[in-house]
Colleague: 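To start, I am sharing the structure in question, which I have written as structure tokens.
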Amino acid sequence: MGDDVGLYEEMMSRGLIAQVTDERVAEILDGSSISAYIGFDPSADSLHVGHLVQIFNLRRLQEHGHRPIAVAGGGTGLIGDPSGKSEERNLLDSEVLSQNLIKIRAQLSRFLDFDCGESSALVLNNADWLGKISLIDYLRDVAKHFSVNQMVAKDSVKSRLNEREQGISFTEFSYMLLQSYDFLHLFDNFACRLQMGASDQWGNITSGIELIRKMRQQAAYGLTTPLVLKADGTKFGKSESGTIWIDPEKTSPYQFYQFFLRAEDEVVGGYLRSFTWIGEDELSELDLATAEQASKRLAQSALAEAVTEIVHGPEMARKVQVAARALFSEDILSLSPDVLEMAIEDAPVHYVSADALARGVGVVDLFYAAGLANSKSESRKVIAQGGAYVNNSRVSDIEASVSSGDLIVGGVVLLRRGKKDYVVVRVRG
RNA sequence: GGGUCGGUGUCCGAGUGGCCAAAGGAAGCAGACUGUAAAUCUGCCGGCUCAGCCUACGGGGGUUCGAAUCCCUCCCGGCCCA
């Protein structure tokens, strides 16, 4: 970052630009202050790492003197964007949605500056304007400008139309009109001339630009970023277990850190560029490190540290780093009490009564109760397969039990499933 | 509203009266090898009081010694027609 390089060039060199609607986008980004917006889908109660790219883009805009506008789609969220979706979505009810919105706005706020004069950020809810427009007005003034023929040709719609088994409802079909209207509204009220988004938003963005051109005879612009994919080629936020949330309640900072630390070689470079502010020089050093001494995993460490710091703060970043090191050291028993304490501070805790522990608790029950297995059957299987550890030593006997004698420094028992899932057992009472 | 095809485990998808907790694939989980990577290999992959039992093939009802499979009905979806 910094002012020596233009915003467009910076984004380009980081590989953050997939497409622009017009070459003039470069001039606009590097020119005098404008307003630009990105929409966020409030279908979950937290943003996840996939959103980070867009959040950072808003921040980039701000750093270069532009006004970033984040639109949390309270209105569009009720409808559902068909882009990239192979099937009709379940509609969210408005109560859930408004809860989600509150949380998402709070999260966005952490990354943007709301008090820096002209370029102060805005977080808006499109329900504020979409909720007001009447059906007749909508059909006369907005929908009139859309050709069904063109809409049908858009990829997001076409794929659903061609699918034998899956159709598309009119509700989702008309989603595009709502997002287009958002852009128009922002153009009118906030002089917003640029919309950014992930590349799957291309169709929605261009149709907004068209609407503005038709209704106001003025130019607006769009820019998309490449979708940042996981190493297996899927999007972030797809499977429920694989989603890395920004909310520490949903994904603990420890897990968050671990996710990035475990990034595959093929994707670290891209992640570093998308998810951190690390500059050119360091980036090329890290690329080199990955190429030449991959086993040191310097890029992964730098990535994990940097992202965790941005999202969860420097203090937390340090903590989880210590935890990671301590928990992966072979001899947990030799750790000093305070290092151990720090290491397990962030781990989930399971309490057992002193009585029960004195009598001894079966490992199968313990792993299940501690949440390390979803059922006792699963617990049994994991143990039998050698994936269960008590105080870092493997327990493969289903009949084994844990008792007071297993308490280590600090009066805890450390349970582990597989390589990375820890639960701390503490005595209650 | 009519016709027609379909609704199977996390997902895709086979199964068309018993041999079905249900082929195959993907995802996931554990192990081995590594670098807390990838690839590869092995095992697991509904639940429980675990050599047995219970719950499951959209919901409900029925036929049958026996049904994911046949019949009725309802719900949901695709396509065609109105």
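Side-chain atoms are counted along with the backbone in the values below, which use heavy atoms only and exclude waters and symmetry mates.
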Colleague: Take atom CZ of A:Arg297 and atom P of B:A38, then tell me their distance rounded to the nearest Å.
Modeller: 10 Å
Colleague: Report yes if a side-chain nitrogen or oxygen of A:Tyr422 is closer than 4.0 Å to either non-bridging phosphate oxygen (OP1 or OP2) of B:U36; otherwise report no.
Modeller: no
Colleague: From C-beta outward on A:Lys381, which listed nucleotide comes closest to its side chain: B:G35, B:G47, B:A32?
Modeller: B:G47
Colleague: Rounded to the Å, how far apart are A:Tyr368 OH and B:A30 P?
Modeller: 19 Å
Colleague: Which listed nucleotide (B:G47, B:U36, B:A38) is nearest to the side chain of A:Glu264?
Modeller: B:A38
Colleague: Side chain to side chain contact (heavy atoms under 4.5 Å, CB included) for A:Thr224 and A:Ile205? Distances and angles first, verdict last.
Modeller: CA-CA 9 Å; A:Thr224 58; A:Ile205 292 174; 3.9 Å; yes
Colleague: Return the pairing partner of B:G66 with a 3.5 Å limit on both distances, Watson-Crick or G-U wobble; otherwise return none.
Modeller: none
Colleague: What distance, rounded to whole Å, do you find between the two C1' atoms, one in B:C29 and one in B:C76?
Modeller: 33 Å
Colleague: Side chain of A:Leu261: nearest nucleotide among B:C29, B:C48, B:U36?
Modeller: B:U36
Colleague: What is the pairing partner of B:C44, taking Watson-Crick or G-U wobble pairs with both distances under 3.5 Å in any strand?
Modeller: B:G28
Colleague: For A:Glu172 and B:G77, what is the distance between atoms CD and C1' respectively, to the nearest whole Å?
Modeller: 14 Å
Colleague: In whole angstroms, how far is the P atom of B:C29 from the CG atom of A:Asp421?
Modeller: 9 Å
Colleague: Less than 4.0 angstrom from a charged side-chain N to a carboxylate O is my criterion; do A:Glu341 and A:Arg426 meet it?
Modeller: yes
Colleague: Rounded to whole angstroms, how far apart are CZ on A:Phe259 and C1' on B:A37?
Modeller: 13 Å
Colleague: For B:C20, give its Watson-Crick or G-U wobble partner with both distances under 3.5 Å, or none.
Modeller: none
Colleague: Can you tell me how far P of B:A39 sits from CD of A:Glu266, to the nearest Å?
Modeller: 8 Å
Colleague: Can you tell me which nucleotide in B:G35, B:A30, B:U36 comes closest to the side chain of A:Gln258?
Modeller: B:U36
Colleague: Under 6.0 Å from the six-membered ring centre of A:Tyr389 and within 45° of its axis: does the NZ or CZ of A:Arg416 meet both?
Modeller: yes
Colleague: Between B:G31 and B:U63, how far apart are the C1' atoms? Round to whole Å, please.
Modeller: 50 Å
Colleague: With a 3.5 Å distance limit and no angle check, can you tell me whether A:Gln300 reaches the backbone of A:Ala263 through a side-chain donor-acceptor pair?
Modeller: yes
Colleague: Less than 4.0 Å between a side-chain N and a carboxylate O, is that true for A:Arg273 and A:Asp287?
Modeller: yes
Colleague: Hey, is the side chain of A:Ser375 poking within less than 4.0 Å of OP1 or OP2 on B:C48, counting only N and O atoms?
Modeller: yes
Colleague: Atom CD1 of A:Ile383 to atom P of B:G31: distance rounded to whole Å?
Modeller: 13 Å
Colleague: Taking the C1' atom of each, how far is B:C5 from B:U10, in whole Å?
Modeller: 26 Å
Colleague: Taking atom C1' in both B:C33 and B:G25, what distance in whole Å separates the two?
Modeller: 25 Å
Colleague: If we take the P atom in both B:U42 and B:C75, what is their distance in whole Å?
Modeller: 49 Å
Colleague: Charged N to carboxylate O below 4.0 Å: is that the case for A:Asp247 and A:Lys103?
Modeller: no
Colleague: Taking for each residue the nucleotide of RNA chain B with the nearest heavy atom, is it A:Gln385 or A:Tyr257 whose nucleotide lies nearer the 5' end?
Modeller: A:Tyr257
Colleague: CD1 of A:Ile398 versus P of B:A30: gap in Å, rounded?
Modeller: 17 Å
Colleague: Between B:G6 and B:A21, how far is it from one P atom to the other, in whole Å?
Modeller: 25 Å
Colleague: Taking any heavy-atom pair under 4.0 Å as a contact, classify A:Arg416: base, sugar-phosphate, or nothing.
Modeller: nothing
Colleague: In the structure shown, which nucleotide is the Watson-Crick or G-U wobble counterpart of B:G77, with both distances under 3.5 Å?
Modeller: B:C5
Colleague: Can you confirm whether more than 12 heavy atoms, excluding those of A:Lys144, are under 6.0 Å from its NZ atom?
Modeller: no
Colleague: Determine the interatomic distance between P on B:G28 and the same-named atom on B:C72; round to the nearest Å.
Modeller: 43 Å
Colleague: Kindly point out which of B:G35, B:U36, B:G31 is positioned nearest to the side chain of A:Ser295?
Modeller: B:G35
Colleague: Now, which nucleotide makes the Watson-Crick or G-U wobble pair with B:A56, with each of the two distances under 3.5 Å?
Modeller: none
Colleague: Report the base-pairing partner of B:A39 (Watson-Crick or G-U wobble, both distances below 3.5 angstrom), or none.
Modeller: none
Colleague: Between B:A14 and B:G7, how far is it from one P atom to the other, in whole Å?
Modeller: 9 Å
Colleague: Which one, B:A32, B:G35, B:A30, comes nearest to the side chain of A:Gln300?
Modeller: B:G35
Colleague: Checking side-chain hydrogen bond (donor to acceptor under 3.5 Å, both in side chains) between A:Asp45 and each of A:Gln99, A:Gln107, A:Lys250, which is the one that passes?
Modeller: A:Lys250
Colleague: For A:Asn374 and for A:Asp265, locate the closest nucleotide of RNA chain B by heavy-atom distance; then report the residue assigned to the nucleotide nearer the 5' terminus.
Modeller: A:Asp265
Colleague: OP1, OP2 of B:U49 versus side-chain N and O of A:Lys376: anything below 4.0 Å?
Modeller: yes
